[in-house]
Amino acid sequence: LTAKVQALLRRSYEVDSRTYLKHGDAVLNSDRQALIYGEDEIELTKNEYKILQTLMEKKGVGSREALMERLWKSDSFVDENTLTVNVTRLRRKLEERGLPGFIATKHGVGYYLK
């Protein structure tokens, strides 16, 4: 119980000091939890934001394990398909807004930004 409370507090008070992260022409705004591409602001869910934030900070291949740890910091088991579904939905959203292929897969390793 103590570990669960500590994990909850850690997540609740997690603060990111960087307001903007940039990759190519896309800018991740942490204040608004949105991706800005050209004149378009793409609203992101909490998980979509964390996926992009992790990949932009990493500046390389982000492992599936690192992404799962960042998204679901808990002791409960989360199926790896849950991450796949989140990444697929994010890719679809980005593709609809003019960013096809923004997130690429390195088979057997994880994801990276093109």
Side-chain angles (χ1 to χ4, degrees):
L1 178 61
T2 304
K4 290 222 182 249
V5 170
Q6 288 174 340
L8 181 62
L9 287 172
R10 205 174 35 249
R11 282 182 296 222
S12 298
Y13 294 104
E14 190 173 300
V15 177
D16 186 5
S17 61
R18 299 196 305 194
T19 304
Y20 297 98
L21 291 171
K22 186 172 176 142
H23 182 80
D25 294 332
V27 178
L28 187 65
N29 182 332
S30 63
D31 292 336
R32 299 181 55 87
Q33 287 200 353
L35 185 71
I36 301 164
Y37 180 66
E39 299 292 319
D40 206 6
E41 181 173 290
I42 305 165
E43 290 187 31
L44 303 169
T45 65
K46 178 181 76 165
N47 285 349
E48 292 169 344
Y49 170 77
K50 285 184 178 181
I51 289 168
L52 284 177
Q53 181 185 37
T54 303
L55 294 175
M56 286 181 160
E57 287 173 349
K58 181 75 173 161
K59 301 209 189 274
V61 178
S63 71
R64 292 180 59 83
E65 293 79 20
L67 284 168
M68 289 179 69
E69 172 65 25
R70 181 89 181 252
L71 269 63
W72 299 284
K73 295 178 184 172
S74 73
D75 300 83
S76 63
F77 176 76
V78 177
D79 191 330
E80 283 196 37
N81 268 348
T82 308
L83 177 61
T84 303
V85 168
N86 277 271
V87 171
T88 301
R89 287 181 182 159
L90 177 57
R91 281 177 169 158
R92 191 174 307 130
K93 182 184 281 191
L94 296 176
E95 186 172 309
E96 289 170 358
R97 302 303 267 286
L99 286 166
F102 190 68
I103 300 174
T105 302
K106 177 88 171 172
H107 292 286
V109 181
Y111 302 101
Y112 64 98
L113 300 179
K114 279 191 165 183

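Bear in mind that the values here come from a model prediction, so they are computed numbers and not experimental data.
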Sequence neighbours excluded, the answer for side chain to side chain contact (heavy atoms under 4.5 Å, CB included) partners of Asp31 is Thr19, Asn29
Across all chains, not counting sequence neighbours, the side chain to side chain contact (heavy atoms under 4.5 Å, CB included) partners of Ser63 are Glu65, Ala66
Determine the minimum heavy-atom distance between [X] and [Y], stating which atoms define it.
X	Y	value
Met68	Leu83	CG-CD2, 3.7 Å
Trp72	Thr82	CZ2-CG2, 3.6 Å
Ala26	Leu35	CB-CD1, 4.0 Å

* To do: Would you confirm whether His23, through its side chain, and Glu57, through its main-chain N or O, come within 3.5 Å as a donor-acceptor pair?
  => no
Taking the side chain as everything from C-beta on, heavy atoms only, tell me whether Asp25 gets closer than 4.5 Å to Tyr37.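 Yes - at least one pair of side-chain heavy atoms lies under 4.5 Å apart.
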Test item: Asn86 and Leu90 side chains (from C-beta on) under 4.5 Å apart, heavy atoms: no
For residues 35-47, which residue pairs pass the salt bridge (Lys or Arg N to Asp or Glu O under 4.0 Å) check, not counting sequence neighbours?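 Matches after skipping sequence neighbours: Arg32-Glu41, Asp40-Arg97.
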Checklist line | Single-linkage hydrophobic cluster Tyr49~Tyr112, side-chain heavy atoms < 4.5 angstrom | finding: no
Taking Val87 as the starting point, is it possible to reach Leu71 by hopping between hydrophobic residues whose side chains are less than 4.5 Å apart?
yes
Residues 98-111 side chain polar contacts: donor-acceptor under 3.5 Å, at least two apart:
| unit_1 | atom_1 | unit_2 | atom_2 | d |
| --- | --- | --- | --- | --- |
| Thr105 | OG1 | Arg91 | NH2 | 2.5 |
| Tyr111 | OH | Arg64 | NH1 | 2.7 |

(message) For a side chain to side chain contact (heavy atoms under 4.5 Å, CB included) check, start with the C-alpha distance between Leu52 and Leu113, then their side-chain angles and the critical distance, and finish with the verdict.
(response) CA-CA 9 Å; Leu52 284 177; Leu113 300 179; 4.2 Å; yes
Let me confirm one number: the [atom1]-[atom2] distance from [X] to [Y], rounded to the nearest 0.5 Å.
X	Y	atom1	atom2	answer
Lys93	Thr45	NZ	OG1	5.5 Å
Met56	Tyr20	CE	OH	13.0 Å
Leu44	Leu94	CG	CG	7.5 Å

